[in-house]
Each structure stands twice: as C-alpha cells, then as structure tokens.
Amino acid sequence: MSPSGEHDSDSHGARAGERPPAPLDSDAEGPEGGACAPSSLRRVLIDEMDALYRYILPRVAWDANSCEDVLKQTVVAALRSERAPEDEAEQRAWVRGIAANLSRRHWRDRARGRRAVQRCAQRRGAETLERLESDCPHTVLQEDELRESLLEAIGSLGADEQRVLYAFYRHGRTGAELAREFGTSVKGIEMRLYRARARLRDRLRGRTPEIEP
Amino acid sequence: MSTSNAHNQHHDQRLDRGLRAIGEHLPEPSPSPDVCARLTRMVEGGQEPAPISKEAPASWGGRLHRVVGALAAVVVLAGLVWMVLTPQAPEPREIDGAGTGASMKLVSFHHDKCPVAREMDPRFKELAGRCRSRELTVQRVDMTAWAPGEARERLESLGLGSVLTECQMPMLTGVVMVVDEAGCVIAQARGGEPLDQVERALGDDVPESSP
C-alpha cells in the first residue's frame, strides 16, 4: 500500500497528458485482455475500485449508471493497455488519468453533457467547508449541492486518504486500530488524517473539477 | 507557532470536529456489489474483458452482446419470480460438510467498531439461536483484528473465499449471508435490513421468532 498524500490525486487527470493513458477504444489493442497486465496493476485496480468510483461520480454528474459504465471502461482500458507504468504510485495516477479521459469522452457523446457538467462545476465548495467548520456541520448533508460538493472533494483524494478518512470518521475506528491495519504508528495515522483533512479543505476551497465538456 | 500555522490548526480542528459530528452519515458511495464482483473477477482472473459499456456506440458484436444480455436478464428475472412464487421445499442438508456434500452456511461478518455490524449482531444471534438445532453451519466471522489485504487469505481459510467475488469487501462488516453448497451467496442483509430474504433462503428450517 502506498503511503497517502505522496501524490496529488486531483491532478491525475491533468498529468495524464504527460503519459498518455490507454486508447479509449476498447477494440484498439487486440483481443488479448488483461492476461498480460502486471500483477501490481491488478492489485492497484482492486485497491482503487471504490476510490475510482467516487472520483468518477461527480465527473458524470452523479449518475450512478454512467459512473459504473466509466468505471468498467477504465478497468478494461487499463487491463488492455501495454503502456501501464511499472511503479505502483504511477499506476494509480495513470488509472485516474484513464478515468478522467473516459469521463470527458462520456460527455462528448452527449448533448446534455455541457449543461450537467457546468452544474457540477458550480458546486458550493467554500460554503460546504464553512458549514463543516461551523457548529452545525450536519447541515451539509441537508442540501444536495453541499453534500455533492463534499463527496466531490473526497473523491478527488487518493485511495489511501479516502480509506483512512472513512475508516476513522464514518466507521469509528480508532487510531490504534488503524495504525495496526496500515502498518504504522498512531502518530502516523494522525499525520495521514491531518494531511487528508488539509487536502480536503484545499479541494473545497475553490478548486473546480478539471472537466472540459 | 506562526499566526498562519495557528490559523491552520484552528481550521483543522474545526473540520475534524465537523467530520466527527457527521460520523456514520458521511456519504460513502461505492459501485454496486455485482459490478464490483464482476470487475474483481475480471482483474483477478485475467479473463478477457468484454466491451461492457451500456451507452457507448456499439459494433454489431456489441449489439449482439446486449441482445444476449437482455435475454439472459429476462430469463434470470423469470427465474427469480418463479423462485419467489414457488413454495420453498428445502432439501436435506448436512452439518459441516459431512456426508454427501458441504452444507448451507449462515455467515455473519462482524467488526467491533462497525456500527452497522453492531446493529446486525444481536439479530444474527437471535436467528442463529433459532437455527441451532437444525442442519446448518452457522459461522460468525470476526474481522476486528484483520489487516487490509488479509481478508482474502483469511476468508479462503474459512472456506468463504467465494463471498469476495459476490459481495463488495468494504461492505462485508455487518452483513449476514446465506451461502449455498456451491459457495454462492443466495441471500444477504446488512445492518438493520429485514432478514426475511435470509430466512426464506434458509427455508422451513427457521421457526417463527417468539413474540
């Protein structure tokens, strides 16, 4: 498991340009499927599955069916590609690049895409943060746009960051338990949580999604 | 500590408090279990990934796949309707796989810190108590001390490796499922969800709960 916070997850889509992800046409690379995919990539794909889903969801305007479609296409494209990087951290970034490209392509196929994505980009991140830090953080969950804004920010975090956030805040796991699970110290977990919160705050503070319909 | 650091610390503490307050209501969307299982099988098994987009423009091969898929869905749906409408006639089962084959299993996945599991646990115990004298293997899998990455190995050692392909891993805690002789999950419920499907899958062996 790669340490969290070592790469900027939200820039994965942008970084995809440096190392082009797999071709989007699933028939373009021949009939052989994932048989040649390295085992580390398989591990990464399974490890990232939930995080990828949450990364894609805001990019397809919160449509669960489209999100699953793009997730499937991402996995297929990654398995079929012969250009997967060898390093695990690079593989994570590369897979997110594929997901970002496929999300963009998803909208190119649809006339309604521009409108929906513009709505996505107008989410109220700053207000979400303000409410989270207020005395009534629950109000974030009462408005769709704020809730989605929070989800969008969480989805842009790396898989490890998402995992530690959910385990600690949603599932009520203690620092000691997580330290055992992640093979680190309690201090290390606190540091990861701190970094995840800092990144979450950054995302909510006005970063718009890198979507170009 | 500089002013800026103090400012950051202050905001971090407030965000921390906000996230703690939201707690279990923090939304955690995930792919559906069947999609997850299918993708996991594809990734782990090295099988040839078929074009599976529902919406991308399809070739004739893709359209054929869809027609076959739609027909299969109709057949499966018809089968489900038939199963629901047909009176349950449980076959004789063996205990712990002795005799002619492995038995059906009633399995609970528990985690001490998972509120969903805590909700399910007493209900599972009550159900298991009703099944105790019956020919059914009851298993309570405590995942509290498991580390990430150990799940597959541990579940396989318990003879439950197949559930990983049928149920999404992060959702396992708090799940009660019925696993048939072939290792297929035939019914499941999580947290406070009704157990009627699970009871139906267990057939007539489950006596009515006392009022």
Side-chain angles (χ1 to χ4, degrees), chain A residues 1 26-27 31-35 37 42 45-46 49-50 53-54 57 64-73 75-76 79-80 105-106 109-110 129 131-134 137-138 140-141 147 150-151 154-155 163 165-166 168-174 177 180-183 193-194 197-198 200-201, chain B residues 8-32 34-36 38-40 42-57 59 61-62 111-118 144-150 168-171 173:
Chain A
M1 189 176 292
S26 54
D27 292 329
E32 288 306 315
R42 293 176 188 281
L45 284 171
I46 290 175
M49 208 168 284
D50 283 356
Y53 182 87
R54 291 189 278 269
L57 195 55
N65 287 333
S66 300
C67 186
E68 289 189 343
D69 268 352
V70 174
L71 178 64
K72 288 170 191 170
Q73 290 167 23
V75 170
V76 170
L79 287 174
R80 286 191 165 179
R105 191 183 78 159
H106 175 81
D109 296 338
R110 283 155 187 76
L129 182 60
R131 297 246 197 138
L132 274 175
E133 293 181 357
S134 74
H138 274 105
V140 164
L141 305 175
R147 189 174 174 278
L150 173 61
L151 258 176
I154 293 176
R163 199 168 289 127
L165 271 183
Y166 279 122
F168 187 77
Y169 290 111
R170 189 172 196 273
H171 302 292
R173 315 286 297 280
T174 64
E177 286 171 344
R180 273 199 302 277
E181 287 184 20
F182 283 78
L193 282 167
Y194 177 79
R197 284 194 302 266
L200 185 64
R201 213 164 50 235
Chain B
N8 280 345
Q9 285 284 357
H10 170 73
H11 279 284
D12 182 60
Q13 282 166 9
R14 292 189 75 92
L15 180 57
D16 177 48
R17 204 165 56 220
L19 290 169
R20 282 176 199 263
I22 290 179
E24 62 181 341
H25 301 293
L26 190 65
E28 189 180 12
S30 331
S32 60
D34 60 323
V35 167
C36 208
R38 185 176 172 187
L39 291 179
T40 304
M42 184 193 293
V43 173
E44 284 186 336
Q47 74 186 68
E48 180 180 337
I52 43 183
S53 165
K54 279 184 275 191
E55 299 186 17
S59 62
H111 194 294
D112 283 348
K113 298 292 178 188
C114 174
V116 182
R118 282 203 295 268
T144 306
W146 292 13
E150 277 186 354
Q168 189 188 359
M169 192 53 211
M171 292 174 63
T173 53

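Lettering follows sequence order; numbering is per chain, from 1. Atom set for the values below is all heavy atoms of this structure, side chains included, hydrogens, waters and symmetry mates excluded.
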Just to verify, what does Arg147(A) make a side-chain hydrogen bond (donor to acceptor under 3.5 Å, both in side chains) with, not counting sequence neighbours?
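Partners of Arg147(A) by the side-chain hydrogen bond (donor to acceptor under 3.5 Å, both in side chains) criterion come out as none, since no residue qualifies.
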
With sequence neighbours excluded, residues passing side-chain hydrogen bond (donor to acceptor under 3.5 Å, both in side chains) with Tyr169(A)
Arg197(A), Asp16(B)

Under a 4.5 Å heavy-atom cut-off, does chain B meet the side chain of [X], its backbone, both or neither?
{"X": "Thr174(A)", "value": "side chain"}
{"X": "Leu45(A)", "value": "side chain"}
{"X": "Leu193(A)", "value": "neither"}

Nearest-0.5 Å distance, CD1 of residue Ile22(B) to CZ of residue Arg20(B):
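That separation rounds to 13.0 Å.
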
So CD of Gln9(B) and CG of Asp12(B): to nearest 0.5 Å the spacing works out to 6.0 Å

Checking side-chain polar atoms at under 3.5 Å, does His171(A) have a donor or acceptor matched by the opposite partner on Glu177(A)?
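No, Glu177(A) and His171(A) have no side-chain donor paired with an acceptor closer than 3.5 Å.
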
Counting heavy-atom pairs under 4.5 Å to chain B, which of Ala198(A), Gly172(A), Gly183(A) comes out on top?
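Top count of heavy-atom pairs under 4.5 Å with chain B: Gly172(A).
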
Need one label for His11(B): side chain, backbone, both or neither, based on atoms under 4.5 Å from any heavy atom in chain A.
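Both parts, heavy atoms under 4.5 Å.
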
